[in-house]
Structures are given as structure tokens and as C-alpha cells.
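Each remark here refers to the structure printed beneath this line.
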Amino acid sequence: GVLADIQAEGETYGAVDEGRGERVMVEFVSANPTGPMHIGNARGGVLGDALAAVLERAGYDVWREFYVNDAGNQIHKFAMSIDARYLQLVLGEENVPFPEDGYHGDDIKELARGFYDQHGAGWKDKSEEERQAAMAEYGLSVNIPKMKEDLRRYKIEYDEWFLESSLHNSGYVAETVELLAGKGWTYEKDGALWLNTTALLKQKFLAEGKSQEQVDKLDLKDDVLRRANGFYTYFAADIAYHRNKLEQRGFSKAINIWGADHHGHVARLQAALDGLGLDGSHRLIIVLMQLVNLLQDGQPVRMSKRSGKAIALRDLLDEVSVDAARFFFNSRSSTSALDFDLDLAVREDSENPVYYVQYAHARICSVLKKLEAAGVTFEGADALDASLLTDPSEQALLRLLSAFPAEIAAAAEKYDPARITRYVIDIATAFHRFYNVCRILEADPAVRQCRMALCLAVRSVIRNVLTMFKVTVPESM
């Protein structure tokens, strides 16, 4: 029955309908456009894209989104940094101090040089405000297309690149804050407008079953929504953005891939959405991702974002194949830290898991070619006498193949696409074991038909997993 299903369903085998067409958004990477993407974004990119693919396989209608932080404090710092480097080019480095909290990377110097090459020295005479607005616009016009290009090389395409600035410009942030105020969740203090996060979190935690005593012990703090200078905070924009996802665009769930350092922000954002009546506690799903440790020669490869020496995504993809990067970064669940071994990722042997799985597929293609050359054709799964599959290695393979739809359902339910990477490694391992103990070409014709069916089924499942995760599926290696 398993072999007949796989033959009949082909590319769709493994798909389930848990989602029933429910519209969900997966927002991932969303790196600041102030510098090149780094290795943490490399992991988040694969986890988000792979999770979106698993959810699609599980019957959800999935939208992929990148949130561009093109407003707020870090953009001001970005503009200030380019401006300082530009003025250093024009007036001499010794005459212009560089802001201490500015971005120190070489990429900022390149942007300043690019601006200078386009506009010359004349901008030094303009007002600081005008100059920095132009610097920010220029920097983003260079960086955002670069990010798109890097992610495209990494086989990641988005349905939308959503600009934070659009929320401010349309008045949507102000409107969202007004709604919270109208529901009695805000108060004014020291000229600023605050969200009563403490009350919202207490309400949320009590609803989740915590006791009053447990809640009273928590160290809860309120959040500023609008500063005394009239500017809205990043948190206010974040609440507005997620209201836009759930209310305006009608996604039933908003799923975000975030670094583990954001974990303190999760309950606060969910509670703020609860305060708007949007059931953020259930509809906003945050998948927290642990760090990546890059290893070479068994030693950690050091990197520092502040000094501009972060290992950029594009540098990583110059070292290892896109296949290896996509496979490795999705080999452990997001909750585990990941050791990425650069030496292993480029090896062409069975120690390298992506090579190992691809080799199983190529090996099956080679076996089937030999059978074809010997004049043996497959008569179809319906014609099999499956009682002939008695070897433990054959039965182990059948059990694994039959589990694929349930694995997809579980990976979608737990937001854990790495489960499917581990599954396909198990399939490859079971196949290599079967291949080493069971003859195929020389077997009795009826047994040979059964073993051909097994080979075809394994090839189909490996192909379905690798294509779902955008990893190439070689027919010869």
C-alpha cells in the first residue's frame, strides 16, 4: 500500500491537509538594512524558508515577508555614520570626529565613497538634517538591493518586502497607539505616553493558568510608546505592524523567526495585541532561534558585528555551497545552538550529511539505469507480491517511507522544519543499509520487482524533501 501510494502520488506524496488553506504569514530574516547580512541571518533565512515550505506541504496558504527597518534610531545612526565618513573624505579624517556609537564597518566607508563619487564635495555646505536624510536614502538604496541579491543567491524569495516607514507615513502607528489609549491601556508620565504592559501581562499570564501569587512575583515593566519629543518607539511600530498582519491583512497566524536574544519581547508584544482584541497570545507565534558557532579546523571562527568583522552571508556562500548551507542550517531545531563546521560542509564524502543524502538519490538513479540497460522494466506497484519483502532492512525502509506524511504534519504543528532534514538523513541511512545487504539486479524476478519499487519510492521521497528545501537533487555524483 505504501509503495502504491508513493507511485500514485509522486511529487505530492507526503503532503497533508492539516492547514485546510488557512492563511499564515512567515516573517523571517528582517535584518537591519544598515549593513551586510551575517551568519545568524543565514540560519534564520533557512529556518524561515524551510518552515514556510513545510507549512505549504501541510496544507496552509503561506505568505513570506521581510520587514525592512527603514525608520527609527538605527537608521539615524546609519545616516550619521555615512555622513561622518563623507565629511572625513571631504575635510580630512583628522578634522571630523567619528561618532562613538556609529557603525564602524568598511561598508559604511564604501557608502560614503559612493555618495562622494556621485555628488562631489558640495554636500558639506548643506544642513546636517538635509545631508543625513540624503545619506540614509542613498545607503538604503544600495543596501536593500544587495540584501535581495544575497537572499536570491541563497534561493530565498519573498512575497513582500514590507517597509516600516510605510506604517509611520500612513499614520498607522499613531492610529494603533490611539486604539490602545481608547481601550484604557496607556497613561502619560514625564511627557511620554506609556503602555501599561504590566497590567496586560498580568491579564495574559492569569489567563494562561499562572496563579496570582506567581504573577505578583514577576518583575514586570511598562513600555514607552511615544517619547516626550513626539517620536514613536520601535515597540509602537512593532505593535502596529503586527496589527496590520492580523487585522488589516487578515492572516490567521503571524509566525516570526527571531533570535533568542529577543525572547523578553515575545510576551510583551503578544499582550499588546491581546489589548487590541487580536488574541496575540494564540495568533502571534514566535520561533526563537539559538546562535550559530562557526568552526574551522575544529576551532571557533571569531566574529564581531560591532567592529564590522562579522562573517557576511555572501562570504559564507563563497566558502560553501548553497546546498550545504541550506541543509546544515536546517539540521537542528531552532531551540538548539548550531555548530556549523566549514570543513565538513565542503567535504564530498558520507561524513557530509547533504552529500550523503544526495548520494543516496544518485545511487538509486544509477541502479535503475543498470536495470534498464539489462532490459528490466518496472511493472508497477499494483503487480507486486509485497510479502516477499522480508529482510529487516526492507521493512525498516517501508516503515520510514510510510511515516513521511505524519512527519510533515508534526513538523508543521511544532514549527520545526529540521525534523524533516533529520528524517531524510534516516531515509538515506536506511537505504544505504538495504543496498549493502540486498541484491537487486541478481535477485529473483518477483523479488527484484519489489526491490525496484522500494528504490523508486526512496528516490521519490528524497527528491520531494530536497526540492521542498531547495537543495539540488543530482542524478549522478
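Note that these values count all heavy atoms, side chains included, but never hydrogens, waters or copies made by symmetry. It should be emphasised that the depicted structure is a prediction, and the values quoted were computed from it without experimental measurement.
- In this structure, CG in Asn32 is found 7.0 Å from CD1 in Ile75, a value given to the nearest 0.5 Å.
- Salt bridge present: Asp318 and Arg153 bring a charged side-chain N and a carboxylate O closer than 4.0 Å.
- For the salt bridge (charged side-chain N to carboxylate O under 4.0 Å, His left out) with Glu157, the lone residue among Lys470, Lys148, Arg152 that qualifies is Arg152.
- The main-chain N or O of His38 is found under 3.5 Å from a side-chain atom of Asn41 such that the two form a donor-acceptor pair.
- For the pair Arg347 and Tyr355, the NZ or CZ position fails the cation-pi test of under 6.0 Å to the six-membered ring centre and within 45 degrees of the ring normal.
- With respect to the salt-bridge test (charged N to carboxylate O, under 4.0 angstrom), the residues Arg332 and Asp416 do not qualify.
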Could you give the side-chain donor-acceptor pairs of residues 181-188 under 3.5 Å, partners two or more places apart or in another chain?
residue, atom, partner, partner atom, Å
Trp185, NE1, Gly275, O, 3.3
Tyr187, OH, Asp222, OD2, 2.6

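- Side-chain contact check for Tyr232 versus Val177: some heavy-atom pair is nearer than 4.5 Å.
- Annotation: side chain of Asp107 is in contact with side chain of Pro36 (closest heavy-atom distance under 4.5 Å).
- With hydrogens and angles ignored, the 3.5 Å screen pairs no side-chain donor or acceptor of Asn330 with any backbone N or O of Val46.
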Assess the residue pair Trp123 and Phe115 against the criterion (ring-ring contact (aromatic ring centres under 6.0 Å, His included)); give the C-alpha distance rounded to whole Å, side-chain angles, the decisive distance to 0.1 Å, and a yes or no.
CA-CA 10 Å; Trp123 275 75; Phe115 188 89; 5.5 Å; yes
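- The nearest pair of heavy atoms linking Leu317 to Ala325 is CD2-CB, 3.9 Å.
- The local environment of CD in Glu130 is crowded, with over 12 non-hydrogen atoms from other residues, nucleotides or ligands closer than 6.0 Å.
- Between Glu413 and Ile408, every side-chain heavy-atom pair lies at or beyond the 4.5 Å cut-off.
- Under a 4.0 Å N-O distance rule, the pair Arg57/Glu407 does not qualify as a salt bridge.
- With contacts defined as side-chain heavy-atom distances shorter than 4.5 Å, the pair Ile427/Val465 does not qualify.
- No more than 12 heavy-atom neighbours from other residues, nucleotides or ligands sit within 6.0 angstrom of CD on Glu129.
- A donor-acceptor contact shorter than 3.5 Å is absent between the side chain of Asp61 and the backbone of Arg20.
- Ionic pairing of Glu65 and Arg249 is present here: one or more N-O contacts between side-chain nitrogen and carboxylate oxygen are shorter than 4.0 angstrom.
- Residues Phe327 and Pro353 have side chains in contact (heavy-atom distance under 4.5 Å, counting atoms from C-beta outward).
- A donor-acceptor pair is defined here as one N or O able to donate and one able to accept, closer than 3.5 Å; no such pair exists between the side chain of Tyr241 and the backbone of Ala236.
- Ion pairing of Asp219 with Lys221 is present here, as a side-chain N (NZ or NE/NH1/NH2) and a carboxylate O approach within less than 4.0 Å.
- Gln358 places a side-chain N or O within donor-acceptor distance of the main-chain N or O of Thr472, the cut-off being under 3.5 Å.
- Of all the heavy atoms in Val16 and Pro405, the pair that sits closest is CG1-O, 3.5 Å.
- Residues Ser252 and Glu22 bring a donor and an acceptor atom of their side chains to less than 3.5 Å of each other.
- No donor-acceptor distance shorter than 3.5 angstrom exists from the side chain of Ser366 to the backbone of Ala362, with no hydrogens or angles considered.
- The backbone N or O of Ser331 sits nowhere less than 3.5 Å from a side-chain atom of Thr421 that would complete a donor-acceptor pair.
- Remark: Phe205 pairs with no residue by the ring pair (Phe, Tyr, Trp, His ring centres under 6.0 Å) rule, at least two apart or across chains.
- With respect to the salt-bridge test (charged N to carboxylate O, under 4.0 angstrom), the residues Asp83 and Arg131 qualify.
- Using a distance-only test at 3.5 Å, with no hydrogens or angles considered, a donor-acceptor pair links the side chain of Asp159 to the main chain of Arg64.
- Side-chain contact check for Arg283 and His242: no donor-acceptor pair (N or O, by modelled atom type) lies under 3.5 Å.
- Ring centroids of Trp258 and His265 are separated by less than 6.0 Å, placing the two rings close together.
- At least one donor-acceptor pair under 3.5 Å links the side chain of Ser30 to the backbone N or O of Tyr67.
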Let me see the working for His119 and Tyr86 under ring-ring contact (aromatic ring centres under 6.0 Å, His included), right down to the final yes or no.
CA-CA 11 Å; His119 300 283; Tyr86 168 78; 8.4 Å; no
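- The shortest non-hydrogen separation linking Val68 to Pro33 is CG1-CG, 4.0 Å.
- Judged purely by atom type and a 3.5 angstrom limit, Thr197 has no side-chain atom pairing as donor or acceptor with the backbone of Arg268.
- For Gln296, the CD atom counts as densely surrounded, since its 6.0 Å shell holds more than 12 non-hydrogen atoms of other residues, nucleotides or ligands.
- For the pairing with Asn256, the side chain to side chain contact (heavy atoms under 4.5 Å, CB included) check across Leu284, Ile285, Leu288 returns one residue only, Leu284.
- The aromatic ring centroids of Phe28 and Tyr158 lie less than 6.0 Å from each other.
- Proximity of His432 to Arg363: side-chain heavy atoms (C-beta onward) are separated by under 4.5 Å at one or more points.
- Side chain to side chain, His76 and Asn73 fail the donor-acceptor criterion of an N or O pair below 3.5 Å.
- No more than 12 heavy atoms of other residues, nucleotides or ligands sit less than 6.0 Å from atom CD of Glu11.
- A cation-pi arrangement is found for Arg23 relative to Phe251, the charged atom lying closer than 6.0 Å to the ring centre and inside a 45° cone about the ring normal.
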Go through the steps to decide whether Asp117 and Arg113 satisfy the test salt bridge (charged side-chain N to carboxylate O under 4.0 Å, His left out), and finish with yes or no.
CA-CA 6 Å; Asp117 289 346; Arg113 166 62 63 189; 3.8 Å; yes
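- Geometric assessment of Arg226 against the ring of Phe231 yields a negative cation-pi assignment under the 6.0 Å and 45° thresholds.
- Look at Asp49 and Arg326 and you find a salt bridge, because one of the NZ, NE, NH1 or NH2 atoms lies within 4.0 Å of a carboxylate O, short of that distance.
- The minimum heavy-atom distance between Leu201 and Ala267, with the atom names listed, is CD2-O, 3.5 Å.
- Between the CE atom in Met37 and the CG atom in Asn143 there is a gap of 10.0 Å [rounded to 0.5 Å].
- Nearest heavy-atom pair across Val26 and Gly48 is CG1-O, 3.8 Å.
- You'll find the ring centres of Phe162 and Phe66 outside the 6.0 Å limit.
- Other residues, nucleotides and ligands contribute over 12 non-hydrogen atoms within 6.0 Å of the CD atom of Glu9.
- Residues Lys245 and Glu27 are paired through a salt bridge, judged by an N-O separation under 4.0 Å between the basic side chain and the carboxylate.
- Side-chain atoms of Tyr415 and Val54, non-hydrogen and from C-beta on, never get closer than 4.5 Å to each other.
- Using a 4.5 Å heavy-atom threshold, the side chains of Asn244 and Tyr172 count as touching.
- Nearest heavy-atom pair, Gln88 versus Pro97, reported as atom, atom and distance to 0.1 Å: NE2-C, 4.4 Å.
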